[in-house]
There are 2 protein chains.
Amino acid sequence: MQADESRGGRTTIVDVAEAAGVSRQTVSNALNRPHKVAPDTLERVLREVERLRFTPHASAQQLRRQRASAFGFEVNPSGHRRLGHILDEFLVELTVSAPAHASHLLAFAPDPDDVIAGYRQTLASGLVDGFVLADTRHADPRPQWLIEHGVPFVSFGRVWDRPELTRWVDVDGHAGVLGAVRHLAASGYRQIGWLGWPSGSPVGDDRRRGWADGLAELGVTGEAPTAESVQDLDEATGAAERLLDRLGPDAAIVCASDLLALGALRAVRNHGLEPGRDVGVVGFDDTDVAAAMQLTSVHQPVAEAARIAWDLLVDPETTSAPVLLEPTLTVRASSVRDSAGAGRSSVPEPP
Amino acid sequence: MQADESRGGRTTIVDVAEAAGVSRQTVSNALNRPHKVAPDTLERVLREVERLRFTPHASAQQLRRQRASAFGFEVNPSGHRRLGHILDEFLVELTVSAPAHASHLLAFAPDPDDVIAGYRQTLASGLVDGFVLADTRHADPRPQWLIEHGVPFVSFGRVWDRPELTRWVDVDGHAGVLGAVRHLAASGYRQIGWLGWPSGSPVGDDRRRGWADGLAELGVTGEAPTAESVQDLDEATGAAERLLDRLGPDAAIVCASDLLALGALRAVRNHGLEPGRDVGVVGFDDTDVAAAMQLTSVHQPVAEAARIAWDLLVDPETTSAPVLLEPTLTVRASSVRDSAGAGRSSVPEPP
DNA sequence: TTGCCGGTTTTGAACGATCAACTCGCTGGA
DNA sequence: TCCAGCGAGTTGATCGTTCAAAACCGGCAA
């Protein structure tokens with residue numbers, strides 16, 4: 001059929017060049033620097049590119065350009081998997097927006113005993129130009145190492161230990177919880193307690209401050225009831241029960257996570273009360289579990305975070321300021337007081 | 001320090017060769033065909049590889065070998081996201097076992113309007129050698145296209161339309177549900193109903209057959225009560241309520257998914273009954289939601305499936321038979337009749 | 001005529017690895 | 001004595017692309 005594929009397997013830039021009657025470099029220019037090619041030549045070349053369905057060989061480009069146009073994303077085996085799948089979702093959204101930045105994403109799983117080695121290895125193989133960090137821990141060794149070695153990266157989540165860094169996107173947990181408090185107050189709940197993680201976790205502390213500032217805004221002074229629990233359902237249930245004992249009627253509980261909120265729901269039930277009608281409950285992350293339990297929850301704009309992460313990574317000049325995204329509140333039955341038709345909620349569910 | 005990096009940036013095979021006093025090809029052989037290198041030379045070369053922390057440049061290898069040692073995995077934006085994250089988990093486990101097969105995984109998100117184009121493009125770029133399919137739909141165009149173009153692939157999930165294919169791993173839904181039926185019978189539930197998807201979905205039909213065969217094994221004859229619902233919580237709840245009306249005391253409901261099971265739990269509550277003690281409920285997939293709701297559920301061995309997928313993909317000769325994995329049952333309160341500390345470890349109520 | 005200019009296109013080299021063919025020294029059978 | 005055969009190691013070519021520099025070319029001023 002086509003003399004072009006005479007060489008065998010794949011269609012290369014040379015096949016296109018011959019078909020269009022130009023040199024390989026002109027084809028390359030047509031694709032990468034169209035302004036350097038005469039208009040009619042350009043059209044002819046692009047027509048052949050189209051016709052032959054030419055796709056440049058990525059490895060050859062990477063080798064010559066000394067750039068992979070790819071970034072690494074660390075995934076972890078099921079062990080330290082939390083309730084909810086915010087990070088899975090973030091990975092998916094990163095992948096979706098990758099082509100818009102002429103890049104792709106490489107998932108990799110470093111050895112838990114030496115995470116840095118995994119990063120070093122992946123980088124040295126030339127498969128990636130940099131990394132997208134997520135789930136930034138306290139005393140996280142990764143930012144330090146990456147900076148020392150001049151490796152580009154962005155982080156989903158502030159780099160708490162190094163406030164001078166600006167290359168991150170995060171969701172404003174403080175604002176999210178503050179919004180939840182306002183919503184509860186507007187819905188008529190009279191007392192609003194906090195069920196959070198033990199202090200020391202930067203994310204948890206930030207969310208808690210949102211709650212405290214919300215109360216201040218409402219004019220509440222003095223000690224407000226709080227309880228603490230680690231990320232475990234039974235423990236959260238117990239903590240929530242103790243919290244309930246200290247709350248008056250028409251109270252609500254704002255929680256640092258959906259798992260804690262689930263514990264709160266159970267505690268409310270155990271007290272013979274009904275979530276929503278008797279006690280408001282709000283969670284954080286808007287996970288599947290929240291949807292299934294009709295739990296009002298703070299929703300993170302993950303897709304937007306992913307897009308911004310790419311911007312920061314690929315066009316570092318244009319977007320240099322750190323970005324703090326505003327979460328939204330997904331309102332469901334657990335924070336609605338007049339639950340007509342209890343058990344079947346009137347709140348529309350997201351898919 | 002080291003004369004090796006005189007050339008500048010990265011450490012190449014030539015640097016290692018000079019340091020070890022051999023030619024580049026010998027270094028290559030030492031790494032790829034150690035048996036072709038004399039023992040003492042081998043040791044000397046490997047020592048230098050270690051010392052200089054040499055990592056071969058993946059693009060260069062890929063270009064020369066005409067092989068990417070990478071496989072594509074399709075991810076989809078949040079739209080058609082289902083309850084549970086089996087596929088996210090599968091992706092993670094694939095990534096974890098990738099290095100064991102000297103490969104890696106590339107996530108990509110095809111245009112939903114022309115999925116095949118995404119596959120063609122990804123393949124043509126030379127970034128991958130083949131694909132891992134998951135979530136094989138009915139009348140799925142992908143296997144057809146891949147076969148026609150001689151592209152290697154495995155599938156997580158049988159390729160239902162083409163029974164002659166053998167390149168897949170799957171979890172035996174039939175056996176999983178059968179095991180659930182046995183468990184329920186052994187736990188003392190006297191009547192076991194089925195809450196499934198409308199027939200026509202191969203996965204759902206397979207699971208349903210597991211239930212039917214379980215009943216047959218127990219000696220149940222005649223019509224047993226079933227109900228159908230699409231994957232939607234409210235609809236599932238309604239279907240389960242109708243099913244409950246037709247079940248006697250000490251009954252149990254086996255469901256085709258955790259979402260359906262969640263509907264069943266709500267229906268049980270709406271009838272003033274308690275899951276587990278009064279009505280057994282079993283779901284499928286053992287998602288976060290199941291764990292949170294104390295729902296007994298059929299658990300898929302995802303990590304094992306991922307490992308086998310790599311085997312089938314990378315060493316096609318050694319493992320040629322299709323593999324059907326046995327799921328396990330994660331037993332929780334929703335299928336335990338004597339809920340001793342009721343309220344604590346028992347099933348939380350949905351609102 | 002010559003020289004130079006700017007836009008356009010082509011040619012040689014290189015990215016870093018592996019494949020294929022070759023060299024070298026040695027052994028052993030005819 | 002000769003040379004086929006073998007193990008160990010080397011060298012040249014190559015994968016497909018882009019960079020850098022050179023070549024081409026019509027036009028226009030000197």
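In what follows, chains are A, B, ... by sequence order, proteins preceding strands, each numbered from 1. Remember, it's a predicted structure, so these values are computed and weren't measured experimentally.
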Non-neighbouring partners of Asp172(A) that pass side-chain hydrogen bond (donor to acceptor under 3.5 Å, both in side chains), sequence neighbours left out: none
Interatomic distance where CZ belongs to Arg65(A) and P belongs to dG16(D) [whole Å]: 17 Å
Distance in angstrom units between Leu63(B) CG and dT14(D) P, rounded: 14 Å
Mind listing the side-chain donor-acceptor pairs of residues 38-47 of chain A below 3.5 Å, one per line with the distance, residues two or more places apart or on another chain?
residue: Arg44(A); atom: NH1; partner: Ala20(A); partner atom: O; Å: 2.6

By side chain to side chain contact (heavy atoms under 4.5 Å, CB included) - contacts of Ala60(A) (at least two apart): His57(A), Leu63(B)
Under-4.0 Å salt bridge between Glu74(A) and Arg142(A): yes
When you compare the protein's N or O atoms with those of nucleotides 22-28 of chain D, which come within less than 3.5 Å of each other, and at what distance?
none

Nucleic acid footprint by protein, nucleotides 4-10 of chain D - heavy-atom cut-off 4.0 Å, B for base, S for sugar-phosphate alone: ----SSB
Those residues that, when tested against Pro202(A), pass side chain to side chain contact (heavy atoms under 4.5 Å, CB included) (two or more places apart): His138(A), Trp160(A)
Show the atom names and distances, to 0.1 Å, of all donor-acceptor pairs under 3.5 Å that link a side chain in residues 101-115 of chain A to residues at least two apart or in another chain.
residue: Ser103(A); atom: OG; partner: His101(A); partner atom: O; Å: 2.8
residue: Asp111(A); atom: OD1; partner: Asp113(A); partner atom: N; Å: 3.0
residue: Asp114(A); atom: OD1; partner: Ala117(A); partner atom: N; Å: 3.3

Euclidean distance, atom CZ of residue Arg10(B) to atom C1' of dA17(C) [Å, nearest integer]: 10 Å
Side chain of Pro56(A) - closest among dA17(C), dT17(D), dC19(C): dT17(D)
Nearest-Å distance for atom pair CD1/P, residues Ile13(A) and dT10(C): 12 Å
Distance in angstrom units between Arg67(A) CZ and dG16(C) C1', rounded: 17 Å
Audit row: Arg67(B), Asp129(B), salt bridge (Lys or Arg N to Asp or Glu O under 4.0 Å) steps and yes/no: CA-CA 6 Å; Arg67(B) 179 160 35 92; Asp129(B) 301 323; 5.7 Å; no
Residues forming a side-chain hydrogen bond (donor to acceptor under 3.5 Å, both in side chains) with Arg64(B), sequence neighbours excluded: none
Ser69(A): partners by side-chain hydrogen bond (donor to acceptor under 3.5 Å, both in side chains), with sequence neighbours left out: none
Length of the line joining Glu18(A):CD and dT11(C):P, which is rounded to integer Å: 12 Å
Any Arg33(A) side-chain N or O less than 4.0 Å from OP1/OP2 of dC19(D): yes
Spacing between Leu31(A) atom CG and dG16(D) atom P, to the nearest angstrom: 16 Å
Would you tabulate the pairs of protein nitrogen or oxygen atoms and nucleotide nitrogen or oxygen atoms of nucleotides 5-7 of chain C closer than 3.5 angstrom?
none

Partners passing side-chain hydrogen bond (donor to acceptor under 3.5 Å, both in side chains) against Glu50(A) (at least two apart in sequence or in another chain): none
Gln66(A) side-chain proximity, nearest of dC15(C), dG16(D), dT18(C): dC15(C)
Side chain to side chain contact (heavy atoms under 4.5 Å, CB included) partners of Arg33(A), counting only residues at least two apart: Asn29(A), His35(A), Lys36(A)
Check: Arg64(A) side chain, dT17(D) base, donor-acceptor under 3.5 Å: no
